Amino acid sequence: MTLAVGITVFVLAAFVGFEVITKVPPQLHTPLMSGSNAISGITVIGAVLVAGQGGLLAGILGFLAVTFATINVVGGFLVTDRMLEMFGTRRRPARRNPG
Amino acid sequence: MTLAVGITVFVLAAFVGFEVITKVPPQLHTPLMSGSNAISGITVIGAVLVAGQGGLLAGILGFLAVTFATINVVGGFLVTDRMLEMFGTRRRPARRNPG
Amino acid sequence: MSEAASTLLYLAAAALFIVGLRRLSSPVTARSGNLMGAVGMLIAIVVTLLRSGIVDYTLIVAGLLVGGTAGTILARRVAMTGIPQLVAAFNGFGGAASGMVAAAEFVADGSSTTETAVTITLSCALGLATFTGSFVAFGKLQGLIPGRPLLFKGQMVFDSALAAAVVGSGIWMASSGNRSALWLLIALAALLGVTRTLPIGGADMPVIVAFLNSMSGLAAASTGFVIGSEALIISGALVGASGLVLTAIMSRAMNRSLANVLFAAFGGDDESQPEGIGGGPVRRATVDDAAVTLAYARSVIVVPGYGLAVSQAQYGARDLTDRLAGRGVKVRYAIHPVAGRMPGHMNVLLAEADVPYAQLLDLDEINDDFPRTDVALVVGANDVVNPAARDDASSPIYGMPILDVDRAGAVIVVKRSLSPGFAGIDNPLFYRDTTLMLFSDAKAALESLARAVQTA
Amino acid sequence: MSEAASTLLYLAAAALFIVGLRRLSSPVTARSGNLMGAVGMLIAIVVTLLRSGIVDYTLIVAGLLVGGTAGTILARRVAMTGIPQLVAAFNGFGGAASGMVAAAEFVADGSSTTETAVTITLSCALGLATFTGSFVAFGKLQGLIPGRPLLFKGQMVFDSALAAAVVGSGIWMASSGNRSALWLLIALAALLGVTRTLPIGGADMPVIVAFLNSMSGLAAASTGFVIGSEALIISGALVGASGLVLTAIMSRAMNRSLANVLFAAFGGDDESQPEGIGGGPVRRATVDDAAVTLAYARSVIVVPGYGLAVSQAQYGARDLTDRLAGRGVKVRYAIHPVAGRMPGHMNVLLAEADVPYAQLLDLDEINDDFPRTDVALVVGANDVVNPAARDDASSPIYGMPILDVDRAGAVIVVKRSLSPGFAGIDNPLFYRDTTLMLFSDAKAALESLARAVQTA
Amino acid sequence: MNIGAPRQPGPEPRVGVTPEIAQRYVEDGHTVQVESGAGEAAGLPDEAFREAGCEMVGSAWEADVVVTVGPPGDAEVSRLTPGARLLGLLRPLEEPEAMRRLAESGVTAIAFETLPRTTRAQSMDALSSQATLAGYQMVLEAASRLPRIFPMMVTAAGTIRPATVVVLGCGVAGLQAIATARRLGAVVRGYDVRASAAEQVLSLGASFIEIDVTPQDSSASGGYARPLSDGDGTRLLDGLAPHLAAADVVITAAAIPGRPAPTLISAEAVSGMRPGSVIVDGTAERGGNCVLTVADQVVRAGGVTVVGPTGLEARAAADASSTFARNAYELFSYLYDAEIAGADDEIRTGVTITRGGEVVHPEVLARIDAAQMDAMT
Amino acid sequence: MNIGAPRQPGPEPRVGVTPEIAQRYVEDGHTVQVESGAGEAAGLPDEAFREAGCEMVGSAWEADVVVTVGPPGDAEVSRLTPGARLLGLLRPLEEPEAMRRLAESGVTAIAFETLPRTTRAQSMDALSSQATLAGYQMVLEAASRLPRIFPMMVTAAGTIRPATVVVLGCGVAGLQAIATARRLGAVVRGYDVRASAAEQVLSLGASFIEIDVTPQDSSASGGYARPLSDGDGTRLLDGLAPHLAAADVVITAAAIPGRPAPTLISAEAVSGMRPGSVIVDGTAERGGNCVLTVADQVVRAGGVTVVGPTGLEARAAADASSTFARNAYELFSYLYDAEIAGADDEIRTGVTITRGGEVVHPEVLARIDAAQMDAMT
Ligand SMILES: NC(=O)c1ccc[n+]([C@@H]2O[C@H](COP(=O)([O-])OP(=O)(O)OC[C@H]3O[C@@H](n4cnc5c(N)ncnc54)[C@H](OP(=O)(O)O)[C@@H]3O)[C@@H](O)[C@H]2O)c1
Ligand SMILES: NC(=O)c1ccc[n+]([C@@H]2O[C@H](COP(=O)([O-])OP(=O)(O)OC[C@H]3O[C@@H](n4cnc5c(N)ncnc54)[C@H](OP(=O)(O)O)[C@@H]3O)[C@@H](O)[C@H]2O)c1
Ligand SMILES: NC(=O)c1ccc[n+]([C@@H]2O[C@H](COP(=O)([O-])OP(=O)(O)OC[C@H]3O[C@@H](n4cnc5c(N)ncnc54)[C@H](O)[C@@H]3O)[C@@H](O)[C@H]2O)c1
Ligand SMILES: NC(=O)c1ccc[n+]([C@@H]2O[C@H](COP(=O)([O-])OP(=O)(O)OC[C@H]3O[C@@H](n4cnc5c(N)ncnc54)[C@H](O)[C@@H]3O)[C@@H](O)[C@H]2O)c1
């Protein structure tokens with residue numbers, strides 16, 4: 001992958017990121033933040049590669065990175081789900097009320 | 001550019017395309033269609049490359065392609081602008097009307 | 001220019017397309033959005049011209065000049081009413097160009113890999129089908145081809161066979177590298193474009209043009225794969241996807257699904273247009289159409305009638321007119337002396353919703369203003385706006401003064417059906433060219449209009 | 001697994017992230033969106049594990065197990081109120097991981113090209129600043145660090161110098177390939193994260209966490225450039241951009257600009273919180289907050305007062321309550337005998353807007369219902385909901401019956417300021433924990449609420 | 001032509017021509033004679049008529065076209081010129097004998113009461129315009145007499161519940177009464193035999209009382225109701241009683257053209273009503289919808305006040321005169337144009353009671369015959 | 001204690017205790033004596049009182065606590081027991097002499113008129129509750145007398161423009177008049193000297209007439225207005241005149257406690273008004289805001305009708321009695337509790353006119369002194 005292609009991909013993804021969030025109701029601010037935070041844990045795949053390539057210092061760094069990133073990913077998705085679950089019970093299907 | 005990267009780019013761009021158009025008011029349907037049509041004339045750059053690379057049949061095809069694509073691009077942007085111009089004169093800045 | 005630099009400049013062009021498209025979808029920013037698109041295109045073309053690998057500029061310059069001149073003239077000359085067909089034609093040219101580039105690539109290099117074969121086939125098929133389809137749409141819009149659905153028995157089978165043949169000739173081309181296969185592919189795709197567009201009704205043409213636009217985008221993207229150009233892939237994907245969304249939005253605005261538009265002539269048309277006593281066709285509006293018409297008008301006159309009272313829509317009416325006034329639209333109510341079912345019926349209702357007295361005008365005060373009014377919004381009124389009372393001496397209500405809404409620039413009539421009012425007679429107003437019928441309960445309609453006007 | 005296959009699978013993961021994020025921004029689809037994100041992540045991890053180039057799985061598995069367990073426990077154990085700080089902490093871990101990967105890459109390969117040097121510097125700086133910044137935010141939210149802005153004189157200069165030093169050490173690292181440079185870089189970035197977060201007030205922490213989240217996304221993207229991973233670039237850019245948008249949305253919801261949040265403690269705080277006679281702090285709500293609170297309530301009681309009359313907000317009130325009722329919320333109006341400035345003042349107004357008599361209840365009829373009511377919406381009323389009349393024998397209005405709005409689950413008070421009502425005395429209701437103040441003209445507020453409730 | 005606007009006999013304050021309308025007649029090429037003082041009671045001084053181009057005269061009954069409001073007395077009839085046209089609310093169905101006398105004196109009598117109720121004829125419909133005003137006045141009458149107020153009020157001195165108003169007979173007058181009572185804040189229920197009345201009542205925001213009686217084709221007959229069968233009549237009385245018992249105010253305006261008003265409220269129903277409640281019977285002139293009604297008297301039955309005011313429309317004499325004058329102008333102009341065109345249509349045949357010395361209206365003729373039969377047997 | 005509700009002397013239909021309120025007294029441990037027939041005129045039969053636990057008596061003036069509506073006549077005063085408490089609208093400032101006599105007979109007189117106008121005291125404020133009803137009735141009175149209707153109506157018989165109503169004096173009565181006239185569809189303008197009245201008028205959807213006179217500190221004095229200087233008075237008259245000339249109805253309710261009503265409408269202003277227009281002067285009892293007003297008479301000046309009805313609040317006798325009775329109950333209970341607690345506060349000092357054989361209210365005392373000075377010179 002050349003740098004130019006990398007930048008192309010980065011720019012396009014950033015556009016998608018900008019567009020994807022349009023009008024979030026305030027009650028979703030925290031879950032949305034938490035969910036996207038979990039996605040930023042994608043760095044775990046870099047950490048896996050680093051931890052797997054051997055070498056002491058890199059190994060230590062890699063292990064820490066995997067651990068940290070996994071906390072971010074696993075904890076992030078779980079806690080988001082908990083939040084949304086609570087939210088779901090409060091919401092009932094809207095029914096029409098005459099007058 | 002590998003095929004995989006090409007597909008990545010394609011998919012991301014398609015996502016952007018999906019997201020970028022949210023809720024278009026009906027009076028913009030035609031201008032928007034016309035404007036995006038002009039963008040699809042981007043094929044002109046392929047046409048230029050083909051027309052410029054020499055060879056008879058390719059040359060003819062290339063010339064035709066450049067001509068056609070240019071019609072699409074130039075005509076497309078101009079006619080879109082004409083539509084929007086007409087639209088612009090109808091629209092005045094909103095002012096508050098008491099009562 | 002270095003490869004990286006050109007890639008980044010192409011990226012910049014693509015970014016301009018994206019932002020431009022986004023701006024095109026709001027009335028306020030649309031014009032600048034179009035300009036951004038044009039600038040992006042200029043960058044892309046200039047970068048391409050400066051790229052290494054071009055050996056001969058003659059044809060290029062010739063093509064650019066011819067195409068540019070033709071495009072300019074067409075765009076300048078066309079009458080406003082001719083724009084939809086022109087857009088269709090432009091789109092056809094774009095599709096053809098994509099197909100030709102792919103074809104030229106095949107002619108020059110052959111189909112080296114499966115990948116190339118597939119993409120060349122795609123480009124040619126999409127490009128040529130777009131080309132012919134667009135010109136059929138052009139013909140229908142221009143009135144050169146009858147607007148009604150044209151189809152023959154068993155067409156569905158024929159079309160499927162044709163599509164299979166396109167795929168087949170693609171495989172042949174890939175496996176043999178034979179140019180004849182290419183020409184066959186092109187011919188079949190062109191034919192398919194025609195047979196798939198002819199059966200679609202004239203009223204659905206705008207949706208079809210949007211769909212063809214999306215296809216020409218995909219053709220460009222596919223050509224991008226053929227010649228290895230990210231700029232083409234990005235822009236093509238962008239147009240392909242946004243065009244598809246736009247197509248969906250447009251068919252939704254017509255209360256149709258895309259499938260319904262594409263195949264309606266084949267299946268039964270499940271949508272039954274209400275029929276009046278007069279039986280003529282009417283122009284049916286959605287809430288969004290009506291809202292935009294109102295929101296961008298300079299002056300609106302609301303004509304309330306008995307239907308407004310029946311559905312107790314007075315609060316909705318006031319809400320709508322308040323919001324229109326808030327946008328700077330001049331709003332008034334025209335009260336016909338016999339609107340409703342008792343003297344002063346409309347006054348009672350509108351007073352209840354506290355519509356300011358200053359906005360209420362009676363027939364004599366307002367009738368001369370209709371020709372100077374952009375939109376007359378008739379809500380649940382019928383007899384009191386029936387032009388037959390003015391124009392048709394044989395009508396039982398001939399001689400009754402009416403509100404001359406038909407003299408306004410456009411008329412939007414909100415009622416549930418085409419059924420007549422108190423006097424029991426049909427209303428020619430509903431069948432006029434400038435009249436949009438919004439079939440709905442008055443209260444529901446006004447409330448949705450008020451909301452829609454807010455965001456229009 | 002082939003390079004192409006893994007690239008495409010990463011792409012699939014990224015697509016799941018995109019669709020997941022989009023679904024997360026609507027209440028109805030949010031949960032499935034989160035699930036899609038998790039599935040995407042699983043795909044990405046599995047693909048990575050299957051990739052060639054991994055020589056030793058021990059550390060990986062260990063890390064996954066430790067991290068997974070810790071994450072699970074933390075997420076399960078935390079109390080609902082502790083979630084914001086937990087999110088902050090998670091985010092810090094993610095940032096640190098990105099920085100470490102880049103650092104490890106440097107340790108292993110050195111900075112071969114300018115490109116690598118720049119991206120490693122970026123990753124480390126962003127990652128570590130995110131790490132420490134997030135933990136400061138955690139501390140503030142958890143109450144370990146005082147919530148008020150902590151800053152020292154000349155901090156702006158200090159921070160700028162620190163930022164310059166980070167860049168400098170990056171250049172040193174790139175030019176010398178010296179590991180000490182890396183450690184210096186890391187230390188400086190970590191320090192910068194702390195000094196930039198401490199001066200920000202506790203109330204602004206959610207915005208800061210969102211901002212740090214966006215930064216950790218950018219760190220991941222930058223790490224993607226370092227290790228040449230498109231998956232990281234895409235996902236990082238996605239989170240970076242969407243996080244930035246979310247940050248902007250959140251600060252707008254607080255009526256602030258992002259710059260204002262980030263630098264408010266330095267510049268003058270241009271936003272003056274209205275101060276009551278009592279002087280205590282109040283919880284200030286935006287229209288959106290209030291709308292959501294109302295829209296998702298089971299029962300709402302509206303308490304109209306003189307302010308509603310002054311701003312002639314009766315139509316807005318009815319519009320709002322109609323829409324709430326349309327969502328299935330039980331809505332009633334509580335009319336206090338002396339609300340307004342003349343006997344029956346509220347009745348006249350609400351009758352004008354045709355609020356059904358059945359929804360109007362007087363003090364005796366409704367007062368017992370407040371404890372069973374989710375939200376009391378007080379519109380331009382003040383004295384008639386002043387708990388001092390009930391609780392404070394020294395109050396001049398002691399003994400006057402009041403509407404016990406303070407017994408409802410939540411109270412939203414719409415008025416323009418904290419200034420007192422007719423009786424001229426302060427109202428302790430405004431300073432209660434369950435009270436949200438929506439400072440606005442009543443008419444404007446109710447109209448925006450009605451709109452916002454529609455889309456909530 | 002020469003249009004005459006006489007001073008009305010009796011307590012009638014309305015006048016058939018107003019200065020505004022006089023001007024229109026003059027613009028159309030007619031002359032207008034107004035009896036001195038004719039407009040006084042409606043707040044229209046002679047001065048105003050003079051400014052509008054009228055000739056002020058001592059008696060206007062001698063004009064070519066006489067626009068009267070109510071029917072003329074014998075003295076006035078004798079002053080009419082043979083061949084003259086007399087336009088007004090002449091009560092042709094109630095007083096067919098008087099019509100015969102008008103015919104005998106050679107007058108062309110034109111009565112608003114028999115105007116067909118078509119959309120086209122509405123601008124000439126004086127019954128409607130006057131009934132509108134009567135409906136409004138009935139509510140004022142009721143509100144003034146009720147020892148309570150109409151609107152709901154939550155006050156420091158307790159909550160005053162809104163008054164409940166029941167309107168029987170939702171024609172023009174009844175509907176206007178509904179609208180006015182609603183404006184004042186009462187809870188309003190309406191009842192009418194006509195099926196289409198339900199929707200009309202709802203369209204004013206009031207509720208409709210459903211009672212299962214099917215009137216004999218009651219929506220037909222040119223917009224007017226028809227009588228009920230005896231059985232239905234009793235069922236109706238019984239069905240209404242509980243609604244009356246819950247009412248503070250009952251306003252009645254149920255009528256059948258040319259017939260006595262149908263009985264809707266029996267003495268028992270009145271005794272079942274709350275003390276203090278009020279019945280305003282707008283049909284006293286036609287015998288009343290309530291059996292206790294006595295025209296222009298206040299009857300107290302138990303705690304209930306029953307009033308049967310007449311001349312309600314005349315109370316807002318200024319508006320009543322201006323709308324009536326406009327109706328008369330429209331009708332006159334229509335007939336005048338039709339006459340010139342030689343056309344004969346529904347409207348013309350509808351309103352013309354006598355012509356060329358004969359009673360020509362079939363319904364009036366039938367009544368005259370019936371009366372003669374009665375007299376013979 | 002023994003609470004007595006006597007039958008009121010004169011035409012007064014209201015009564016000081018209603019069955020509903022009687023029940024509350026009884027629940028509080030008091031006994032209630034009601035004079036037979038006391039509630040009749042307000043639609044409250046003896047039966048209802050008896051059901052509520054009252055003792056029906058021949059005379060209730062002898063009770064420990066007498067709740068009267070208006071001031072008692074001499075005959076009634078003589079029947080009061082020394083040491084008894086008398087609660088009511090006693091007109092203490094208008095009739096200070098009568099207060100002196102009450103004091104002499106050893107009665108503790110408690111008057112609503114001098115209640116401080118605080119938020120806390122509102123439930124006892126009989127002036128407000130009765131003024132509300134008066135405001136409503138003034139509009140009915142005006143609407144019945146106007147030869148036009150209030151609302152706008154676009155009809156086939158022409159467009160009826162809405163009536164213009166001007167309300168002078170926007171206290172409780174005036175504001176209610178504004179609200180009621182608006183409900184009926186009139187275009188309403190209000191005027192008051194109090195600066196805060198402007199916002200209150202606007203809050204009812206009416207418009208405010210701006211005239212540049214600065215009253216002497218008119219918002220002060222416990223919620224009541226103060227008189228204007230002479231110069232301002234004339235300027236006010238002149239400023240109002242054009243607004244009156246454009247009005248169909250003028251309703252006046254401007255008052256200054258314990259003083260004659262300020263003059264707001266001169267004879268010239270009346271002559272400048274439209275023929276047919278109506279002035280309803282709600283302050284006739286205090287001399288009237290219009291110079292032509294004669295209490296309880298209909299005065300015609302040019303084409304203008306000027307009426308000064310008294311006892312307006314009593315027209316809705318049922319609601320008036322129930323709100324008054326509630327006010328009296330609240331005041332009595334408050335004082336009773338305070339007495340037991342031995343507390344003395346603003347409200348108690350405000351309403352107590354006589355106690356222990358003495359006039360104790362400073363303002364009333366001042367008036368008695370002033371009257372004696374007048375008599376001496
Ligand atoms: N003003 C008077 O004094 C008076 C008295 C008696 C009769 N009239 C007569 O009434 C007529 C009045 O004219 P107009 O134009 O007001 O009424 P109209 O001619 O009777 O027409 C009313 C229209 O409203 C529509 N409608 C009914 N309910 C509706 C709802 N819920 N939502 C939306 N539309 C609804 C009906 O069409 P759909 O069914 O298709 O919805 C109908 O065509 C005249 O002919 C007049 O002569 C008037
Ligand atoms: N009902 C009667 O008969 C009567 C008669 C006379 C006096 N009073 C007295 O009036 C009071 C009535 O109580 P209340 O609670 O209705 O009123 P209140 O206590 O006077 O409070 C009204 C509140 O409305 C707010 N406000 C004013 N204009 C506004 C606007 N345009 N938009 C939003 N808010 C606005 C004001 O706060 P901001 O300025 O901060 O916006 C004020 O605090 C009682 O004290 C009562 O005793 C009643
Ligand atoms: N030009 C027009 O189209 C036009 C004009 C005015 C009125 N109208 C229509 O004519 C109809 C009658 O109007 P009107 O005011 O002259 O009526 P009206 O004065 O003749 O009668 C009043 C009402 O009494 C009702 N009624 C009769 N018998 C009844 C009974 N036993 N119980 C209850 N109600 C009974 C009638 O149905 C009618 O609604 C209405 O439908 C009105 O809308 C039409
Ligand atoms: N408990 C309370 O707080 C309470 C209760 C009732 C009334 N009030 C207030 O007390 C005030 C007076 O009410 P009220 O009905 O008893 O008043 P009122 O009957 O004593 O006087 C009526 C009105 O006349 C006005 N007025 C006096 N001189 C005038 C002049 N020259 N021109 C025009 N207007 C003139 C006064 O300002 C007052 O508004 C109002 O502000 C009312 O809101 C307060």
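Per chain, numbering begins at 1; letters A, B, ... match sequence-line order. As the structure is a computational prediction, the values presented were derived from the model and not from experiment.
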Checklist outcome for this item: Cut-off 4.5 Å, heavy atoms of chain C, and the answer for B:Val50 is side chain
Next on the checklist: Between B:Gly76, B:Gly62, B:Gly41, who has the most heavy-atom pairs with chain C when the cutoff is under 4.5 Å?
Outcome noted: B:Gly76
Checklist outcome for this item: Per-residue tally against chain B (heavy atom, under 4.5 Å) across C:Ser98, C:Gly20, C:Pro84, C:Ala14 peaks at C:Ser98
Next on the checklist: Using a 4.5 angstrom heavy-atom cutoff, name the option from C:Asp56, C:Val355, C:Thr69, C:Leu65 with the most pairs to chain B.
Outcome noted: C:Asp56
Item to check | For B:Phe18 against C:Val245, the heavy-atom pair lying closest together | outcome: CD2-CG2, 3.1 Å
Checklist entry - If you tally heavy-atom pairs under 4.5 Å against chain B, which of C:Arg76, C:Glu105, C:Arg31, C:Met100 wins? => result C:Arg31
Next on the checklist: side-chain hydrogen bond (donor to acceptor under 3.5 Å, both in side chains) for C:Thr223 and B:Thr43? Distances and angles first, verdict last.
Outcome noted: CA-CA 8 Å; C:Thr223 304; B:Thr43 201; 4.7 Å; no
Next on the checklist: Any heavy-atom pair between the side chains of C:Arg51 and B:Ile45 that's under 4.5 Å?
Outcome noted: no
Checklist entry - Which atoms of C:Phe17 come close to chain B, meaning under 4.5 Å heavy atom to heavy atom: side chain ones, backbone ones, both, or neither? => result both
Item to check | Euclidean distance, B:Ile71 CD1 relative to C:Leu64 CG, rounded to 0.5 Å | outcome: 11.5 Å
Checklist entry - Can you check side chain to side chain contact (heavy atoms under 4.5 Å, CB included) on C:Leu24 and B:Leu84, steps first, answer last? => result CA-CA 10 Å; C:Leu24 263 171; B:Leu84 293 170; 3.9 Å; yes
Next on the checklist: Strictly distance-based, threshold 3.5 Å: is any side-chain N or O of B:Arg82 a donor or acceptor partner for the main-chain N or O of C:Ile83?
Outcome noted: no
Next on the checklist: Do B:Thr70 and C:Val66 have side chains that approach each other closer than 4.5 Å (heavy atoms only, starting at C-beta)?
Outcome noted: no
Checklist entry - For the candidates C:Ala88, C:Gly37, C:Ala38, which exhibits the highest count of non-hydrogen atom pairs separated by less than 4.5 Å from chain B? => result C:Ala38
Next on the checklist: At a 4.5 Å cut-off on heavy atoms, which part of C:Ala108 comes close to chain B: side chain, backbone, both, or neither?
Outcome noted: side chain
Checklist outcome for this item: If one checks every heavy atom of C:Val239 against chain B at 4.5 Å, the contacting part turns out to be side chain
Item to check | Part of C:Val78 within contact of chain B (heavy atom distance under 4.5 Å) | outcome: both
Checklist entry - Under a 4.5 Å heavy-atom cutoff, which of B:Asn37, B:Val73, B:Val16, B:Ile7 has the most pairs with chain C? => result B:Asn37
Checklist entry - What part of C:Ile227 lies closer than 4.5 angstrom to a heavy atom of chain B: side chain, backbone, both or neither? => result side chain
Item to check | Interface moiety of C:Ile73 toward chain B, non-hydrogen atoms closer than 4.5 Å | outcome: neither
Item to check | Part of C:Arg23 within contact of chain B (heavy atom distance under 4.5 Å) | outcome: neither
Checklist outcome for this item: Scanning both residues in full, the closest heavy-atom pair of B:Ala65 with C:Val101 reads CB-CG2, 3.9 Å
Item to check | Among B:Ile39, B:Leu78, B:Asp81, side chain to side chain contact (heavy atoms under 4.5 Å, CB included) partner for C:Asn34 | outcome: B:Asp81
Checklist entry - Picking from B:Ala38, B:Ala14, B:Ala58, B:Gly35, which has the most non-hydrogen pairs under 4.5 angstrom with chain C? => result B:Ala14
Item to check | 4.5 Å side-chain heavy-atom contact, B:Ser36 and C:Leu21 | outcome: yes
Checklist entry - Shortest non-hydrogen contact from C:Ala231 to B:Ile42? => result O-CG1, 4.3 Å
Item to check | Most contacts with chain B, counted as non-hydrogen pairs under 4.5 angstrom, among C:Ala13, C:Ser242, C:Ala358, C:Ser214 | outcome: C:Ser242
Next on the checklist: What verdict does the side chain to side chain contact (heavy atoms under 4.5 Å, CB included) test give for C:Val39 and B:Phe77, after you've listed the backbone C-alpha separation in whole Å, the side-chain angles of each residue and the deciding distance to 0.1 Å?
Outcome noted: CA-CA 10 Å; C:Val39 169; B:Phe77 282 119; over 6 Å; no
Checklist entry - Roughly how far, to the nearest 0.5 Å, is CZ of C:Phe131 from CZ of B:Phe68? => result 5.0 Å
Item to check | Part of C:Val107 within contact of chain B (heavy atom distance under 4.5 Å) | outcome: side chain
Checklist entry - From C:Ile249 CD1 over to B:Leu32 CG, what is the distance, rounded to the nearest 0.5 angstrom? => result 8.0 Å
Item to check | Contact leader toward chain B among C:Gly71, C:Gly95, C:Ala237, where contacts are heavy-atom pairs under 4.5 Å | outcome: C:Ala237
Next on the checklist: Assess the residue pair C:Asn213 and B:Ser40 against the criterion (side chain to side chain contact (heavy atoms under 4.5 Å, CB included)); give the C-alpha distance rounded to whole Å, side-chain angles, the decisive distance to 0.1 Å, and a yes or no.
Outcome noted: CA-CA 8 Å; C:Asn213 179 27; B:Ser40 77; 4.2 Å; yes
Next on the checklist: To the nearest 0.5 Å, what is the distance between CD1 on C:Ile18 and CD on B:Glu19?
Outcome noted: 12.0 Å
